[in-house]
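See below for the structure under consideration.
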Amino acid sequence: MTAKLHPETTFVHAARGGLAHSPAIDLSTTYRIDDLETGRESLAAQAEGGEPVGTPIYARLHNPTVRRFEEALASAEGAEDAVAYSSGMAAITALLLAAKQRGDHIVAVRPLYGGTDHLLASGLLGLRTTFTDAADVAGAIEPTTSLVFLETPGNPTLSLVDIAEVVAQASLHDVPVAVDNTFATPVLQRPLDLGATYVVHSATKFIGGHGDALGGVIATDKSAAKSLRQIRIATGAVMHPIGGYMLHRGLQTLPLRIKAAQRNAQKLANLLQSHPEIEQVFYPSMGQDAMLCARQMKGPGAVLAFEVKGGMSAAADVMRKVKVITPAVSLGSVDTLIQHPAGLTHQIVTDDAKEAGKITAGLLRLSVGIEDPDDLWKDLKQALGVSQSKHSDAAVSWPVMWTPKSQDRLTLS
Ligand SMILES: *Cc1c(COP(=O)(O)O)cnc(C)c1O
């Protein structure tokens, strides 16, 4: 793709050269090796993290359908290369294992996705992690620090980190920076343009966009991609070719979906802010991060969070009462989801991290979809209700698909 094309065009055509609508899905787990010399050469190239020569050999080493998705994602992020994995956490694990080859210490900026926070805090991969604020990254770097990891917008309160500013601190010590770009997507934010070395995605979210494929991907330079590919071959966390096909297809409509969902999120964020049952709304273009949002992102995105008055029981009530909106974890799909971070996605993080990340008992996170915004607002309004009817379940008629459950499943750990 040439740099002159607009993103909407690039996203539709990336890695589709020579094709009409749809690339073939290659499901084979192995490939003919008609010439042993070629086979040996291909295996040797792939063992070094390179591309196959002549024959792909075996599906844990290379799959042509997944490769197309990688090329498309690399082009969307403005990267030289990309490497795809079976899930976002598999991608983050590979990134950390690659870092471990350079040094055993990680600097991580909180707040982070619950799974990432847990993986780092548990020490499972044999790495030591210093959790810090964006302002203190330089101070947290040690002689064996091999990676600075951050997420912006952060999960679940959408707080922003100034990527260029963290890169400036890390580059004083020659430490590469990885940015989890799951919430913003390359439509709204391109961390490599701001000096980051790695961009990580849970492609399960906005990139797929329809909630039907798990995947993770890292966009980076050619040499870093090689070691990430070697780790994928060694550990086996490959993306399934059907997933690769679906995520590649998802990229085509990503700009369109982000625009529609973001428009809805902006409306809902404004309406929620003046609702009497709401304590606080968290959205990148509102509050203390508004300036940074305008500078770093092309828009505030489609995820917001809000704190309801009345804490845990009030939040549980909202989750129980929504009808159009689905009470479920995950995000980035065409349908709107609501979830309770303290009880669900961030249950696993420590109480200290919950407090520092403002993950309170009344906090709900809303991943806004592309439905009609009036329908979404009506649904939220009835779910928020008025104080006196809040605890009378009898007044609510339940949709067939959602059976109310006892509140204690949301108990804070
Ligand atoms: C979901 C998510 C992940 C983990 O991705 P999986 O595909 O579920 O493994 C990592 N980071 C962020 C920001 C996420 O939202």
Side-chain angles (χ1 to χ4, degrees), residues 66 69 73 77 82-97 106 108-122 124-125 129 147 149-161 163 178-189 191 196 198-219 232 235-240 242-244 246-247 250 254 258 261 265 282 284 297 301-305 328-333 337-341 344-349 353 357 359 365-369:
V66 172
F69 166 63
L73 190 279
E77 285 287 2
V83 187
Y85 296 86
S86 51
S87 70
M89 287 317 300
I92 292 168
T93 300
L95 179 68
L96 294 172
L97 290 174
I106 305 290
V109 180
R110 268 180 175 152
L112 293 168
Y113 176 72
T116 311
D117 196 295
H118 173 66
L119 182 63
L120 290 166
S122 68
L124 181 68
L125 299 176
T129 300
L147 189 71
F149 191 98
L150 67 91
E151 186 180 315
T152 181
N155 197 350
T157 53
L158 292 310
S159 57
L160 300 191
V161 174
I163 298 170
V179 178
D180 186 328
N181 205 26
T182 301
F183 275 48
T185 83
V187 174
L188 299 177
Q189 175 173 278
Y198 301 94
V199 177
V200 189
H201 283 281
S202 169
T204 313
K205 315 293 168 55
F206 284 103
I207 289 175
H210 296 75
D212 50 11
L214 277 171
V217 63
I218 304 171
R232 185 177 61 184
T235 59
V238 294
M239 175 175 280
H240 192 274
I242 292 181
M246 291 167 90
L247 297 168
L254 184 60
I258 291 284
F282 301 89
M297 303 176 72
V303 186
L304 59 93
V329 299
S330 198
L331 60 111
S333 186
L337 305 181
I338 195 165
Q339 69 105 1
H340 184 261
L344 298 168
T345 50
H346 290 66
Q347 188 188 90
I348 203 165
V349 310
I359 306 167
R365 189 190 73 191
L366 194 68
S367 169
V368 182

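Order of listing sets the numbers, starting from 1, for every ligand and every atom in it. Because the structure is a prediction, the values reported are computed rather than measured.
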among protein heavy atoms, the one nearest atom 2 (C) of ligand 1 is Lys205 NZ, 2.5 Å
d(Thr185 OG1, Leu254 CG) to nearest 0.5 Å is 4.5 Å
* Asked: Would one find an N or O of Asp180, backbone or side chain, under 3.5 Å from an N or O of ligand 1?
  -> yes
In this structure, CG of Leu112 is separated from CG of Asp180 (nearest 0.5 Å) by 8.0 Å
Review point. With side chains defined as the heavy atoms from C-beta onward, is the minimum distance between Tyr113 and Ile92 less than 4.5 Å?
Key: no
field: Sub-4.5 Å side-chain heavy-atom contact between Tyr85 and Thr93
entry: no
Ligand 1 atoms nearer than 4.0 angstrom to some heavy atom of Glu151 are 13 (C)
- Between Thr116 and Glu151, do the side chains contain an N or O donor and an N or O acceptor separated by less than 3.5 Å? no
Between Arg365 and the options Thr157, Thr345, Asn155, the side chain to side chain donor-acceptor pair (under 3.5 Å) test singles out Asn155
A student checking ligand 1 against Thr204 at a 4.0 Å heavy-atom cut-off should list atoms 7 (O)
- prompt: Can you find an N or O of Met89 that's nearer than 3.5 Å to an N or O of ligand 1?
  reply: yes
Atom 4 (C) of ligand 1 sits nearest the protein heavy atom Tyr113 CE2, 3.4 Å
>> If we only consider heavy atoms of Gly215, is any one of them less than 4.0 Å away from an atom in ligand 1?
In response: yes
Atom 5 (O) of ligand 1: closest protein heavy atom, distance to 0.1 Å, is Ser202 OG, 2.9 Å
Atom 6 (P) of ligand 1: closest protein heavy atom, distance to 0.1 Å, is Gly88 N, 3.3 Å
**Prompt:** With a 4.5 Å heavy-atom cut-off, do Leu337 and Leu331 have their side chains touching?
**Reply:** no
